Amino acid sequence: MSQNAGPDEERAVPESKAELLSRIKDAWSQLEQTIAGLSEDQLTMPRDGQDWSIKDHLAHLTFWEQSLLALLRHCDRQQASAPDETTTATVDHAEMHAAAYEHNRQRPLDEVLRDFRESHQALVVALAVLSDVDLLMPGAHHPPADALLDDDAVISWIMRNTYEHYLEHDAWIRGLLKVR
(Lines give C-alpha, C1' and ligand atoms only; values in the text may rest on other atoms or scores of the structure.)
Protein backbone atom coordinates (compact mmCIF):
# COMPACT_ATOMS: atom_id res chain seq x y z
CA MET A 1 0.00 0.00 0.00
CA SER A 2 1.60 3.21 -1.02
CA GLN A 3 0.95 6.63 0.39
CA ASN A 4 -0.92 7.33 -2.83
CA ALA A 5 -3.51 4.61 -2.25
CA GLY A 6 -6.98 5.96 -1.72
CA PRO A 7 -9.35 4.98 1.09
CA ASP A 8 -11.51 2.89 -1.26
CA GLU A 9 -8.48 0.87 -2.35
CA GLU A 10 -7.47 0.30 1.28
CA ARG A 11 -10.95 -1.00 2.19
CA ALA A 12 -11.53 -3.16 -0.88
CA VAL A 13 -11.04 -6.83 -0.10
CA PRO A 14 -7.93 -8.15 -1.83
CA GLU A 15 -8.77 -10.57 -4.62
CA SER A 16 -5.96 -13.00 -3.75
CA LYS A 17 -3.46 -13.93 -1.09
CA ALA A 18 -0.74 -12.34 -3.23
CA GLU A 19 -2.59 -9.01 -3.25
CA LEU A 20 -3.20 -9.27 0.51
CA LEU A 21 0.49 -9.95 1.18
CA SER A 22 1.47 -7.06 -1.06
CA ARG A 23 -0.77 -4.64 0.84
CA ILE A 24 0.62 -5.91 4.15
CA LYS A 25 4.20 -5.54 2.93
CA ASP A 26 3.63 -2.01 1.61
CA ALA A 27 1.87 -0.75 4.74
CA TRP A 28 4.50 -2.37 6.99
CA SER A 29 7.29 -0.79 4.96
CA GLN A 30 5.60 2.60 5.26
CA LEU A 31 5.32 2.19 9.04
CA GLU A 32 8.95 1.08 9.32
CA GLN A 33 9.99 4.12 7.26
CA THR A 34 8.07 6.39 9.61
CA ILE A 35 9.88 5.10 12.69
CA ALA A 36 13.30 4.56 11.08
CA GLY A 37 15.98 6.74 12.58
CA LEU A 38 13.85 8.04 15.44
CA SER A 39 15.67 8.48 18.73
CA GLU A 40 14.71 6.70 21.92
CA ASP A 41 13.23 9.96 23.22
CA GLN A 42 11.12 10.36 20.09
CA LEU A 43 9.84 6.79 20.41
CA THR A 44 9.10 6.90 24.13
CA MET A 45 7.96 10.45 24.89
CA PRO A 46 4.20 10.56 25.55
CA ARG A 47 2.59 12.91 23.10
CA ASP A 48 -1.04 12.31 22.27
CA GLY A 49 -4.21 13.09 24.19
CA GLN A 50 -4.25 9.62 25.73
CA ASP A 51 -0.59 9.89 26.77
CA TRP A 52 0.50 7.32 24.20
CA SER A 53 4.03 7.37 22.87
CA ILE A 54 5.10 5.92 19.54
CA LYS A 55 6.35 2.89 21.51
CA ASP A 56 2.81 2.45 22.86
CA HIS A 57 1.40 2.46 19.34
CA LEU A 58 3.91 -0.23 18.30
CA ALA A 59 3.08 -2.37 21.36
CA HIS A 60 -0.62 -2.00 20.53
CA LEU A 61 -0.03 -3.23 16.97
CA THR A 62 1.95 -6.18 18.35
CA PHE A 63 -0.90 -7.05 20.73
CA TRP A 64 -3.38 -7.29 17.84
CA GLU A 65 -0.96 -9.17 15.59
CA GLN A 66 -0.53 -11.73 18.38
CA SER A 67 -4.29 -12.03 18.61
CA LEU A 68 -4.49 -12.60 14.85
CA LEU A 69 -1.69 -15.17 14.98
CA ALA A 70 -3.63 -17.10 17.60
CA LEU A 71 -6.71 -17.07 15.35
CA LEU A 72 -4.68 -18.41 12.44
CA ARG A 73 -3.16 -21.11 14.66
CA HIS A 74 -6.60 -22.08 16.03
CA CYS A 75 -5.62 -21.03 19.56
CA ASP A 76 -7.37 -18.93 22.16
CA ARG A 77 -6.81 -15.38 20.91
CA GLN A 78 -7.17 -13.69 24.26
CA GLN A 79 -4.71 -15.94 26.06
CA ALA A 80 -2.17 -15.69 23.23
CA SER A 81 -2.18 -11.90 23.07
CA ALA A 82 -3.11 -10.97 26.62
CA PRO A 83 -0.36 -9.76 28.93
CA ASP A 84 -2.06 -10.98 32.09
CA GLU A 85 -5.12 -12.60 33.64
CA THR A 86 -6.96 -9.26 33.77
CA THR A 87 -6.91 -9.02 30.01
CA THR A 88 -8.05 -12.59 29.42
CA ALA A 89 -10.99 -12.15 31.80
CA THR A 90 -12.71 -9.63 29.50
CA VAL A 91 -14.03 -9.51 25.97
CA ASP A 92 -14.37 -5.73 26.04
CA HIS A 93 -11.97 -4.08 23.57
CA ALA A 94 -11.52 -0.93 25.66
CA GLU A 95 -10.60 -2.97 28.73
CA MET A 96 -8.21 -5.13 26.68
CA HIS A 97 -6.55 -2.01 25.22
CA ALA A 98 -6.17 -0.46 28.67
CA ALA A 99 -4.68 -3.64 30.18
CA ALA A 100 -2.28 -4.11 27.27
CA TYR A 101 -1.26 -0.44 27.46
CA GLU A 102 -0.55 -0.68 31.19
CA HIS A 103 1.42 -3.88 30.69
CA ASN A 104 3.58 -2.45 27.91
CA ARG A 105 4.14 1.16 28.95
CA GLN A 106 6.93 0.29 31.41
CA ARG A 107 8.59 -2.28 29.17
CA PRO A 108 11.96 -1.31 27.73
CA LEU A 109 11.89 0.10 24.22
CA ASP A 110 14.24 -2.57 22.84
CA GLU A 111 11.88 -5.35 24.02
CA VAL A 112 8.85 -3.64 22.48
CA LEU A 113 10.68 -3.12 19.17
CA ARG A 114 11.95 -6.72 19.16
CA ASP A 115 8.46 -8.10 19.83
CA PHE A 116 6.98 -5.73 17.23
CA ARG A 117 9.27 -7.07 14.52
CA GLU A 118 9.26 -10.73 15.62
CA SER A 119 5.48 -10.77 15.80
CA HIS A 120 5.24 -9.36 12.31
CA GLN A 121 7.71 -11.93 10.95
CA ALA A 122 5.74 -14.76 12.58
CA LEU A 123 2.53 -13.40 11.08
CA VAL A 124 4.03 -13.23 7.59
CA VAL A 125 5.14 -16.86 7.93
CA ALA A 126 1.67 -17.90 9.15
CA LEU A 127 0.00 -16.10 6.25
CA ALA A 128 2.31 -17.68 3.68
CA VAL A 129 0.84 -21.15 4.27
CA LEU A 130 -2.78 -20.05 3.88
CA SER A 131 -4.66 -20.65 0.66
CA ASP A 132 -7.15 -18.31 -0.95
CA VAL A 133 -9.87 -20.68 0.33
CA ASP A 134 -8.52 -20.43 3.91
CA LEU A 135 -8.83 -16.66 3.70
CA LEU A 136 -12.55 -16.92 2.92
CA MET A 137 -13.41 -19.13 5.92
CA PRO A 138 -15.45 -17.35 8.60
CA GLY A 139 -13.41 -16.25 11.62
CA ALA A 140 -15.93 -17.89 13.92
CA HIS A 141 -15.08 -21.21 12.22
CA HIS A 142 -11.71 -21.19 14.00
CA PRO A 143 -11.87 -23.02 17.32
CA PRO A 144 -11.95 -22.44 20.19
CA ALA A 145 -15.12 -20.38 20.12
CA ASP A 146 -14.27 -16.73 20.66
CA ALA A 147 -16.78 -14.11 21.74
CA LEU A 148 -14.86 -11.44 19.79
CA LEU A 149 -15.17 -13.27 16.50
CA ASP A 150 -18.01 -12.94 14.09
CA ASP A 151 -18.88 -14.47 10.76
CA ASP A 152 -16.54 -12.18 8.82
CA ALA A 153 -14.10 -14.04 6.62
CA VAL A 154 -10.59 -14.52 7.97
CA ILE A 155 -9.31 -12.14 5.30
CA SER A 156 -11.36 -9.35 6.92
CA TRP A 157 -9.72 -10.05 10.27
CA ILE A 158 -6.32 -10.05 8.58
CA MET A 159 -7.01 -6.76 6.81
CA ARG A 160 -8.17 -5.06 10.02
CA ASN A 161 -5.25 -6.32 12.09
CA THR A 162 -2.50 -5.78 9.52
CA TYR A 163 -2.33 -3.19 6.78
CA GLU A 164 -5.44 -1.21 7.74
CA HIS A 165 -4.22 -1.09 11.33
CA TYR A 166 -0.63 -0.24 10.31
CA LEU A 167 -1.83 2.65 8.15
CA GLU A 168 -4.14 3.93 10.89
CA HIS A 169 -1.34 4.00 13.47
CA ASP A 170 1.21 5.26 10.94
CA ALA A 171 -1.00 8.31 10.40
CA TRP A 172 -1.27 8.87 14.17
CA ILE A 173 2.50 8.46 14.59
CA ARG A 174 3.18 10.93 11.78
CA GLY A 175 0.79 13.34 13.50
CA LEU A 176 2.66 12.93 16.77
CA LEU A 177 5.94 13.67 15.03
CA LYS A 178 4.53 16.88 13.51
CA VAL A 179 3.32 18.13 16.89
CA ARG A 180 6.84 18.22 18.25
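Residue numbers start at 1 and run along the sequence shown. Just so we're clear, the structure is a prediction, and the values are computed from it rather than from any experiment.
Summarising the geometry of Ala27 relative to Tyr163, their closest heavy-atom pair is CB-CB, 3.5 Å, with the distance given to 0.1 Å. Closest of all the heavy-atom pairs between Ile24 and Ile158 is CD1-CG2, 3.9 Å. For the residue pair Thr44 and Ser53, the shortest heavy atom distance occurs at O-CB, 3.4 Å. For the residue pair Val112 and Asn104, the shortest heavy atom distance occurs at CG2-O, 4.4 Å. Across every non-hydrogen atom of Leu130 and Asp134, the tightest pair is CA-OD2, 3.4 Å. Between Leu72 and Ala126, the shortest heavy-atom distance links the atoms CD1-CB, 4.3 Å.
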For Leu61 and Leu31, run side-chain contact (heavy atoms from CB on, under 4.5 Å): C-alpha distance rounded to whole Å, both residues' side-chain angles, the deciding distance at 0.1 Å, then the answer. CA-CA 11 Å; Leu61 289 168; Leu31 180 58; 3.6 Å; yes

Test log, rule salt bridge (charged side-chain N to carboxylate O under 4.0 Å, His left out), inputs Arg174 and Asp170: CA-CA 6 Å; Arg174 287 173 186 266; Asp170 182 69; 2.7 Å; yes

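Taking NZ of Lys55 as the reference point, atom CG of Asp110 lies at 9.5 Å (rounded to 0.5 Å). Atom CD of Gln42 and atom CD1 of Ile173 lie 12.0 Å apart (nearest 0.5 Å). Distance check, rounded to the nearest 0.5 Å: CE of Met137 to OG of Ser131 gives 9.5 Å. Taken from CG in Leu135 to CD in Glu15, the straight-line distance is 13.0 Å, to the nearest 0.5 Å. To the nearest 0.5 Å, atoms CD1 (Ile155) and CZ (Arg160) are separated by 11.5 Å. Atom CG of Leu123 and atom CD of Glu118 lie 13.5 Å apart (nearest 0.5 Å).
Hydrophobic cluster membership differs between Trp172 and Trp64, with clusters built from Ile, Leu, Val, Met, Phe, Trp and Tyr side chains linked at under 4.5 angstrom. Met159 and Val124 are members of different hydrophobic clusters when ILVMFWY side chains are connected at heavy-atom separations under 4.5 Å. A continuous path of ILVMFWY side-chain contacts below 4.5 Å connects Leu177 to Phe116, so both sit in one hydrophobic cluster.
The main-chain N or O of Lys17 is found under 3.5 Å from a side-chain atom of Asp132 such that the two form a donor-acceptor pair. With hydrogens and angles ignored, the 3.5 Å screen pairs no side-chain donor or acceptor of Ser67 with any backbone N or O of Phe63. At distances below 3.5 Å, not a single donor-acceptor pair connects side-chain atoms of Ser22 with backbone N or O atoms of Ala18.
Two residues are said to be in side-chain contact when any heavy atoms from C-beta on lie closer than 4.5 Å; Leu71 and Leu68 meet this criterion. Here the side chains of Val13 and Leu20 are not in contact, with every heavy-atom distance at 4.5 Å or above.
Ionic pairing of Glu111 and Arg107 is present here: one or more N-O contacts between side-chain nitrogen and carboxylate oxygen are shorter than 4.0 angstrom. Between Glu164 and Arg23 no salt bridge is recorded (no basic side-chain N to carboxylate O distance below 4.0 Å).
Partners of Arg105 by salt bridge (charged side-chain N to carboxylate O under 4.0 Å, His left out), not counting sequence neighbours, listed by chain and number: Glu102. Remark: Glu40 engages no residue in a salt bridge (charged side-chain N to carboxylate O under 4.0 Å, His left out) (not counting sequence neighbours).
Taking the six-membered ring for Trp and the full ring otherwise, the centers of Tyr166 and His120 sit less than 6.0 Å from each other.
The aromatic rings of Trp52 and His169 sit parallel, their planes meeting at an angle under 30°, below the 60° perpendicular limit.
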